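Taking it in order: structure first as C-alpha coordinates, then the write-up.
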Amino acid sequence: MGENLSKQKTLGASQFTTERDYWLGKLGGELEVVGFPKDCEENEFGAGLVPFVLGPDALGNLLRITNGSNQKIHMVMLTALTALLSKYTGAADVLLGSSIYRQPVEGNFLNKVLVLRNQLTQATTFKELLFQVRQTVIEATQNQNYPYETLLYKLRNASGDGVPALFDVALIVENIQDKTDVQPLRPGVLFLFERRDDNLAGAIEYNARQYSRDTVERIAGHFVHLLGQLLEHPDRPLAATGLLTGPEVRQLMDFNRTEVAFPDGKQVADLFEAQAARTPEAVALVFGETQQTYQALNRQANQLAHYLRQVCGVKP
(Lines give C-alpha, C1' and ligand atoms only; values in the text may rest on other atoms or scores of the structure.)
Protein backbone atom coordinates (compact mmCIF):
# COMPACT_ATOMS: atom_id res chain seq x y z
CA MET A 1 0.00 0.00 0.00
CA GLY A 2 2.86 2.36 0.88
CA GLU A 3 4.48 1.61 -2.46
CA ASN A 4 1.30 2.51 -4.36
CA LEU A 5 0.97 5.75 -2.41
CA SER A 6 4.57 6.64 -3.25
CA LYS A 7 3.87 6.10 -6.97
CA GLN A 8 0.80 8.32 -6.77
CA LYS A 9 2.82 11.12 -5.19
CA THR A 10 5.50 10.79 -7.87
CA LEU A 11 2.91 10.90 -10.64
CA GLY A 12 1.28 13.91 -8.96
CA ALA A 13 4.58 15.79 -8.80
CA SER A 14 5.34 14.91 -12.44
CA GLN A 15 1.95 16.18 -13.58
CA PHE A 16 2.39 19.36 -11.54
CA THR A 17 5.76 20.01 -13.22
CA THR A 18 4.32 19.30 -16.67
CA GLU A 19 1.46 21.73 -16.13
CA ARG A 20 3.77 24.39 -14.68
CA ASP A 21 6.03 24.16 -17.73
CA TYR A 22 3.05 24.40 -20.06
CA TRP A 23 1.70 27.58 -18.48
CA LEU A 24 5.07 29.31 -18.14
CA GLY A 25 5.72 28.52 -21.81
CA LYS A 26 2.26 29.54 -22.98
CA LEU A 27 2.38 32.83 -21.09
CA GLY A 28 6.07 33.53 -21.60
CA GLY A 29 7.42 36.74 -23.11
CA GLU A 30 5.77 40.13 -22.89
CA LEU A 31 2.25 40.07 -21.52
CA GLU A 32 -0.17 42.94 -21.98
CA VAL A 33 -3.56 42.81 -20.33
CA VAL A 34 -5.98 43.81 -23.10
CA GLY A 35 -9.31 45.31 -22.12
CA PHE A 36 -12.01 47.59 -23.44
CA PRO A 37 -11.32 51.35 -23.17
CA LYS A 38 -12.60 52.53 -19.79
CA ASP A 39 -14.70 55.59 -19.10
CA CYS A 40 -13.04 56.10 -15.73
CA GLU A 41 -9.92 54.70 -14.04
CA GLU A 42 -11.05 53.62 -10.59
CA ASN A 43 -9.86 50.77 -8.41
CA GLU A 44 -13.17 50.38 -6.60
CA PHE A 45 -15.72 47.87 -7.90
CA GLY A 46 -19.39 48.47 -8.59
CA ALA A 47 -21.59 45.82 -10.18
CA GLY A 48 -23.51 46.51 -13.38
CA LEU A 49 -25.41 44.22 -15.77
CA VAL A 50 -26.46 44.61 -19.42
CA PRO A 51 -28.47 41.77 -21.01
CA PHE A 52 -28.46 41.30 -24.79
CA VAL A 53 -29.83 38.88 -27.37
CA LEU A 54 -28.53 37.38 -30.60
CA GLY A 55 -30.43 37.93 -33.81
CA PRO A 56 -32.30 34.93 -35.25
CA ASP A 57 -29.83 34.51 -38.14
CA ALA A 58 -26.77 34.56 -35.87
CA LEU A 59 -28.43 32.19 -33.40
CA GLY A 60 -29.40 29.78 -36.19
CA ASN A 61 -25.87 29.79 -37.63
CA LEU A 62 -24.38 29.33 -34.16
CA LEU A 63 -26.52 26.29 -33.34
CA ARG A 64 -25.84 24.83 -36.78
CA ILE A 65 -22.06 25.26 -36.57
CA THR A 66 -21.85 23.93 -33.00
CA ASN A 67 -24.49 21.18 -33.35
CA GLY A 68 -25.89 22.53 -30.10
CA SER A 69 -22.78 21.57 -28.11
CA ASN A 70 -22.27 23.88 -25.12
CA GLN A 71 -18.50 23.40 -25.24
CA LYS A 72 -18.42 24.35 -28.93
CA ILE A 73 -20.62 27.37 -28.18
CA HIS A 74 -18.06 28.35 -25.55
CA MET A 75 -15.24 28.16 -28.12
CA VAL A 76 -17.16 30.13 -30.76
CA MET A 77 -17.99 32.89 -28.26
CA LEU A 78 -14.36 33.03 -27.09
CA THR A 79 -13.26 33.39 -30.71
CA ALA A 80 -15.71 36.21 -31.40
CA LEU A 81 -14.70 38.00 -28.19
CA THR A 82 -11.00 37.65 -29.07
CA ALA A 83 -11.71 39.23 -32.48
CA LEU A 84 -13.78 41.99 -30.87
CA LEU A 85 -11.03 42.91 -28.39
CA SER A 86 -8.45 42.93 -31.18
CA LYS A 87 -10.61 45.32 -33.21
CA TYR A 88 -11.23 47.59 -30.22
CA THR A 89 -7.56 47.81 -29.22
CA GLY A 90 -5.50 46.85 -32.27
CA ALA A 91 -3.87 44.11 -30.18
CA ALA A 92 -2.49 41.03 -31.94
CA ASP A 93 -2.04 39.16 -28.65
CA VAL A 94 -5.22 38.72 -26.61
CA LEU A 95 -5.63 37.14 -23.15
CA LEU A 96 -9.09 36.19 -21.92
CA GLY A 97 -10.23 34.64 -18.67
CA SER A 98 -12.56 31.69 -18.34
CA SER A 99 -13.09 28.80 -15.94
CA ILE A 100 -12.69 25.05 -15.96
CA TYR A 101 -15.67 23.03 -17.18
CA ARG A 102 -17.90 21.52 -14.55
CA GLN A 103 -16.51 18.19 -13.38
CA PRO A 104 -18.53 14.93 -13.28
CA VAL A 105 -17.91 14.71 -9.53
CA GLU A 106 -17.82 17.51 -7.00
CA GLY A 107 -14.65 18.20 -5.11
CA ASN A 108 -12.01 20.70 -4.10
CA PHE A 109 -9.89 21.51 -7.15
CA LEU A 110 -6.45 23.07 -7.14
CA ASN A 111 -7.53 25.57 -9.78
CA LYS A 112 -10.74 26.82 -11.36
CA VAL A 113 -9.46 29.72 -13.47
CA LEU A 114 -8.07 29.45 -17.02
CA VAL A 115 -6.07 32.08 -18.92
CA LEU A 116 -6.56 31.74 -22.68
CA ARG A 117 -3.97 33.39 -24.90
CA ASN A 118 -4.37 33.68 -28.68
CA GLN A 119 -2.59 35.60 -31.43
CA LEU A 120 -4.23 37.02 -34.54
CA THR A 121 -3.97 39.65 -37.25
CA GLN A 122 -6.64 41.33 -39.35
CA ALA A 123 -5.69 38.86 -42.12
CA THR A 124 -6.73 35.95 -39.88
CA THR A 125 -10.08 34.38 -40.76
CA PHE A 126 -12.73 33.42 -38.23
CA LYS A 127 -12.25 29.76 -39.13
CA GLU A 128 -8.49 29.97 -38.52
CA LEU A 129 -8.93 31.79 -35.23
CA LEU A 130 -11.61 29.32 -34.12
CA PHE A 131 -9.23 26.42 -34.71
CA GLN A 132 -6.55 28.17 -32.66
CA VAL A 133 -8.96 28.97 -29.82
CA ARG A 134 -10.17 25.37 -29.80
CA GLN A 135 -6.59 24.13 -29.41
CA THR A 136 -5.95 26.68 -26.67
CA VAL A 137 -9.03 25.56 -24.72
CA ILE A 138 -8.13 21.86 -25.11
CA GLU A 139 -4.56 22.44 -23.90
CA ALA A 140 -5.68 24.66 -21.03
CA THR A 141 -8.19 22.01 -19.96
CA GLN A 142 -5.49 19.33 -20.06
CA ASN A 143 -3.35 21.52 -17.79
CA GLN A 144 -6.13 23.00 -15.68
CA ASN A 145 -4.85 21.90 -12.27
CA TYR A 146 -1.99 24.40 -11.98
CA PRO A 147 -3.15 27.12 -9.53
CA TYR A 148 -3.77 30.58 -10.95
CA GLU A 149 -2.25 32.30 -7.90
CA THR A 150 0.94 30.22 -8.24
CA LEU A 151 1.11 31.02 -11.95
CA LEU A 152 0.74 34.72 -11.20
CA TYR A 153 3.56 34.50 -8.65
CA LYS A 154 5.85 32.64 -11.05
CA LEU A 155 5.26 35.16 -13.84
CA ARG A 156 5.98 38.05 -11.50
CA ASN A 157 9.33 36.50 -10.59
CA ALA A 158 10.16 35.71 -14.22
CA SER A 159 9.45 39.22 -15.49
CA GLY A 160 10.77 41.14 -12.51
CA ASP A 161 7.73 43.40 -12.83
CA GLY A 162 4.41 43.34 -11.11
CA VAL A 163 1.75 41.33 -12.92
CA PRO A 164 -1.43 42.51 -11.17
CA ALA A 165 -3.72 40.28 -13.24
CA LEU A 166 -3.57 38.21 -16.40
CA PHE A 167 -6.90 39.32 -17.89
CA ASP A 168 -9.53 42.02 -17.54
CA VAL A 169 -12.16 40.40 -19.78
CA ALA A 170 -13.64 36.95 -19.18
CA LEU A 171 -16.32 34.71 -20.69
CA ILE A 172 -18.50 31.98 -19.17
CA VAL A 173 -21.15 29.63 -20.59
CA GLU A 174 -23.20 28.97 -17.48
CA ASN A 175 -24.52 25.58 -18.62
CA ILE A 176 -21.03 24.09 -18.32
CA GLN A 177 -19.11 26.59 -16.16
CA ASP A 178 -19.58 28.46 -12.87
CA LYS A 179 -19.25 32.24 -13.02
CA THR A 180 -18.37 32.23 -9.31
CA ASP A 181 -15.01 30.73 -10.32
CA VAL A 182 -13.87 33.98 -11.99
CA GLN A 183 -16.03 36.59 -10.22
CA PRO A 184 -13.67 36.88 -7.21
CA LEU A 185 -10.96 38.14 -9.60
CA ARG A 186 -13.32 40.99 -10.56
CA PRO A 187 -12.68 41.30 -14.29
CA GLY A 188 -13.77 44.64 -15.66
CA VAL A 189 -16.04 42.94 -18.21
CA LEU A 190 -17.53 39.45 -17.88
CA PHE A 191 -19.54 37.99 -20.79
CA LEU A 192 -22.15 35.46 -19.66
CA PHE A 193 -24.14 33.05 -21.84
CA GLU A 194 -26.80 30.54 -20.91
CA ARG A 195 -28.37 28.00 -23.25
CA ARG A 196 -32.13 27.69 -22.83
CA ASP A 197 -33.56 25.06 -25.18
CA ASP A 198 -32.96 26.50 -28.66
CA ASN A 199 -32.16 29.97 -27.41
CA LEU A 200 -29.05 31.60 -25.95
CA ALA A 201 -29.32 34.38 -23.39
CA GLY A 202 -26.41 36.81 -23.20
CA ALA A 203 -25.39 39.37 -20.60
CA ILE A 204 -22.38 41.44 -19.61
CA GLU A 205 -21.45 41.94 -15.98
CA TYR A 206 -19.19 44.96 -15.66
CA ASN A 207 -17.47 47.27 -13.21
CA ALA A 208 -19.80 50.25 -13.05
CA ARG A 209 -17.01 52.34 -11.51
CA GLN A 210 -15.03 52.01 -14.74
CA TYR A 211 -17.66 51.70 -17.48
CA SER A 212 -20.88 53.57 -18.13
CA ARG A 213 -23.96 51.59 -19.08
CA ASP A 214 -24.01 53.28 -22.50
CA THR A 215 -20.46 52.07 -23.16
CA VAL A 216 -21.29 48.47 -22.22
CA GLU A 217 -24.49 48.51 -24.28
CA ARG A 218 -22.38 49.64 -27.24
CA ILE A 219 -19.86 46.83 -26.59
CA ALA A 220 -22.72 44.30 -26.49
CA GLY A 221 -24.12 45.66 -29.75
CA HIS A 222 -20.72 45.46 -31.43
CA PHE A 223 -20.25 41.88 -30.20
CA VAL A 224 -23.61 40.76 -31.62
CA HIS A 225 -22.97 42.58 -34.91
CA LEU A 226 -19.48 41.14 -35.31
CA LEU A 227 -20.54 37.61 -34.32
CA GLY A 228 -23.24 37.65 -37.01
CA GLN A 229 -20.67 38.55 -39.69
CA LEU A 230 -18.16 35.94 -38.50
CA LEU A 231 -20.73 33.15 -38.51
CA GLU A 232 -22.09 34.20 -41.91
CA HIS A 233 -18.67 34.46 -43.57
CA PRO A 234 -16.18 32.28 -41.63
CA ASP A 235 -13.58 32.32 -44.43
CA ARG A 236 -13.33 36.10 -44.68
CA PRO A 237 -10.37 37.87 -43.03
CA LEU A 238 -11.24 39.84 -39.92
CA ALA A 239 -10.33 43.03 -41.79
CA ALA A 240 -13.43 42.48 -43.95
CA THR A 241 -15.70 42.71 -40.89
CA GLY A 242 -16.77 45.86 -39.08
CA LEU A 243 -18.00 46.89 -35.65
CA LEU A 244 -20.42 49.67 -36.51
CA THR A 245 -24.09 48.76 -36.59
CA GLY A 246 -26.54 50.20 -39.12
CA PRO A 247 -27.70 53.09 -36.88
CA GLU A 248 -24.08 53.94 -36.03
CA VAL A 249 -23.12 54.06 -39.72
CA ARG A 250 -26.05 56.39 -40.44
CA GLN A 251 -25.10 58.57 -37.47
CA LEU A 252 -21.51 58.73 -38.70
CA MET A 253 -22.72 59.78 -42.15
CA ASP A 254 -24.84 62.51 -40.54
CA PHE A 255 -21.81 63.74 -38.55
CA ASN A 256 -19.79 63.95 -41.76
CA ARG A 257 -22.51 65.64 -43.78
CA THR A 258 -20.83 69.05 -43.59
CA GLU A 259 -21.09 70.18 -47.20
CA VAL A 260 -22.17 73.81 -47.82
CA ALA A 261 -22.96 75.67 -51.01
CA PHE A 262 -19.90 77.55 -52.34
CA PRO A 263 -20.70 81.07 -53.63
CA ASP A 264 -20.40 81.40 -57.41
CA GLY A 265 -17.47 83.44 -58.60
CA LYS A 266 -15.78 83.51 -55.21
CA GLN A 267 -12.36 82.16 -54.31
CA VAL A 268 -11.08 81.16 -50.88
CA ALA A 269 -9.03 84.36 -50.68
CA ASP A 270 -12.19 86.41 -51.32
CA LEU A 271 -14.09 84.60 -48.58
CA PHE A 272 -11.22 85.07 -46.12
CA GLU A 273 -11.00 88.80 -46.80
CA ALA A 274 -14.75 89.12 -46.30
CA GLN A 275 -14.45 87.34 -42.95
CA ALA A 276 -11.54 89.62 -41.96
CA ALA A 277 -13.69 92.63 -42.77
CA ARG A 278 -16.59 91.32 -40.66
CA THR A 279 -14.54 90.25 -37.61
CA PRO A 280 -11.12 91.94 -37.79
CA GLU A 281 -10.30 91.49 -34.09
CA ALA A 282 -11.48 87.85 -33.79
CA VAL A 283 -8.80 85.19 -33.30
CA ALA A 284 -8.01 83.41 -36.56
CA LEU A 285 -4.93 81.36 -35.61
CA VAL A 286 -3.55 79.85 -32.40
CA PHE A 287 -0.05 78.38 -32.21
CA GLY A 288 1.24 77.57 -28.71
CA GLU A 289 0.98 80.83 -26.77
CA THR A 290 0.71 82.94 -29.92
CA GLN A 291 -2.60 84.18 -31.30
CA GLN A 292 -3.31 86.15 -34.47
CA THR A 293 -6.41 88.07 -35.47
CA TYR A 294 -8.08 87.97 -38.87
CA GLN A 295 -6.93 91.53 -39.54
CA ALA A 296 -3.27 90.77 -38.75
CA LEU A 297 -3.33 87.50 -40.69
CA ASN A 298 -4.92 89.18 -43.72
CA ARG A 299 -2.26 91.92 -43.63
CA GLN A 300 0.57 89.33 -43.52
CA ALA A 301 -1.05 87.27 -46.29
CA ASN A 302 -1.22 90.35 -48.52
CA GLN A 303 2.44 91.20 -47.78
CA LEU A 304 3.47 87.64 -48.69
CA ALA A 305 1.41 87.72 -51.89
CA HIS A 306 3.01 91.03 -52.88
CA TYR A 307 6.50 89.63 -52.25
CA LEU A 308 5.79 86.45 -54.29
CA ARG A 309 4.49 88.52 -57.24
CA GLN A 310 6.91 91.44 -57.28
CA VAL A 311 10.14 89.84 -56.08
CA CYS A 312 9.79 86.16 -57.02
CA GLY A 313 7.83 86.64 -60.23
CA VAL A 314 5.04 84.24 -59.26
CA LYS A 315 2.15 84.33 -61.75
CA PRO A 316 -1.40 82.87 -61.73
Side-chain angles (χ1 to χ4, degrees), residues 50-88 94-104 112-120 122 124-144 167 169-182 187 189-205 219-243 245:
V50 168
F52 63 90
V53 296
L54 303 183
D57 291 341
L59 180 60
N61 285 331
L62 175 66
L63 295 177
R64 176 178 55 80
I65 289 174
T66 62
N67 293 321
S69 163
N70 289 321
Q71 289 191 359
K72 290 180 180 179
I73 289 173
H74 178 235
M75 294 172 187
V76 168
M77 293 308 187
L78 283 170
T79 305
L81 183 54
T82 299
L84 181 71
L85 266 174
S86 179
K87 281 189 171 291
Y88 257 84
V94 176
L95 282 80
L96 291 177
S98 199
S99 75
I100 63 173
Y101 293 135
R102 287 204 186 100
Q103 308 298 301
K112 294 185 178 181
V113 179
L114 298 178
V115 184
L116 305 171
R117 184 182 193 180
N118 291 284
Q119 284 84 28
L120 69 160
Q122 289 303 299
T124 305
T125 67
F126 173 67
K127 187 179 290 185
E128 291 168 343
L129 184 58
L130 178 58
F131 180 78
Q132 182 187 161
V133 168
R134 177 180 176 274
Q135 282 298 114
T136 300
V137 172
I138 290 173
E139 291 172 5
T141 301
Q142 290 171 344
N143 295 276
Q144 68 182 29
F167 57 84
V169 180
L171 185 146
I172 296 292
V173 174
E174 295 188 81
N175 304 78
I176 53 174
Q177 297 170 291
D178 289 317
K179 66 178 182 180
T180 55
D181 291 342
V182 297
V189 174
L190 173 59
F191 278 71
L192 299 171
F193 297 94
E194 185 178 4
R195 175 94 176 277
R196 299 170 185 170
D197 297 324
D198 289 331
N199 199 7
L200 189 71
I204 298 178
E205 284 188 1
I219 291 171
H222 290 161
F223 177 85
V224 171
H225 184 60
L226 180 62
L227 176 66
Q229 296 171 75
L230 297 176
L231 293 172
E232 185 73 24
H233 306 286
D235 292 309
R236 281 185 183 176
L238 296 178
T241 61
L243 294 184
T245 61

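Note that the structure is predicted; figures quoted are calculated from it, not measured.
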| task | May I ask you to decide if G68's main-chain N or O and R195's side chain share a donor-acceptor pair within less than 3.5 Å? | result | yes

| request: Kindly write out the residues that satisfy salt bridge (Lys or Arg N to Asp or Glu O under 4.0 Å) with D197, not counting sequence neighbours, or none if the list is empty. | output: none

Sequence neighbours excluded and cut-off under 3.5 Å, please list the side-chain donor-acceptor pairs for residues 129-137, or say none.
unit_1: Q132; atom_1: OE1; unit_2: Q119; atom_2: N; d: 2.8
unit_1: Q132; atom_1: NE2; unit_2: Q119; atom_2: O; d: 2.8
unit_1: T136; atom_1: OG1; unit_2: N118; atom_2: OD1; d: 2.7
unit_1: T136; atom_1: OG1; unit_2: Q132; atom_2: O; d: 3.0

Determine whether [X] and [Y] make a side-chain contact, defined as any pair of heavy atoms from C-beta on separated by less than 4.5 Å.
X	Y	result
N175	E194	yes
Y88	V169	no
P237	T124	no
L85	L96	yes
V224	L227	no
V182	Q177	no
L231	R64	no

Those residues that, when tested against [X], pass side-chain hydrogen bond (donor to acceptor under 3.5 Å, both in side chains) (two or more places apart):
X	result
E205	K179, Q183
E232	N61
R102	D178
Q142	none

Where is the tightest heavy-atom contact between [X] and [Y], given as atom of each residue plus distance?
X	Y	result
D235	T125	O-CG2, 3.3 Å
A83	L230	CB-CD1, 4.3 Å
P187	A170	CG-CB, 4.2 Å
L200	I73	CD2-CG2, 4.2 Å
F52	A203	CE2-N, 3.5 Å

Set of residues satisfying side chain to side chain contact (heavy atoms under 4.5 Å, CB included) with respect to [X], sequence neighbours excluded:
X	result
Q122	S86, K87, L238, A239
A140	W23, L114, L116
A201	R196

Quick check for you: to the nearest 0.5 Å, what is the distance between [X] atom [atom1] and [Y] atom [atom2]?
X	Y	atom1	atom2	result
F126	L120	CZ	CG	12.5 Å
D57	L62	CG	CG	12.5 Å
T241	H233	OG1	NE2	10.5 Å
L84	T79	CG	OG1	12.5 Å
S69	M75	OG	CE	7.5 Å

| task | Determine which pairs satisfy ring-ring contact (aromatic ring centres under 6.0 Å, His included) with at least one residue from residues 66-85, sequence neighbours left out, and list them in order. | result | H74-Y101

| field | Test ring-ring contact (aromatic ring centres under 6.0 Å, His included) applied to F191 - qualifying residues, sequence neighbours left out | value | F223

| said: side-chain contact (heavy atoms from CB on, under 4.5 Å), that's the test. Do L243 and L226 meet it? Break it down for me. | reply: CA-CA 6 Å; L243 294 184; L226 180 62; 4.2 Å; yes

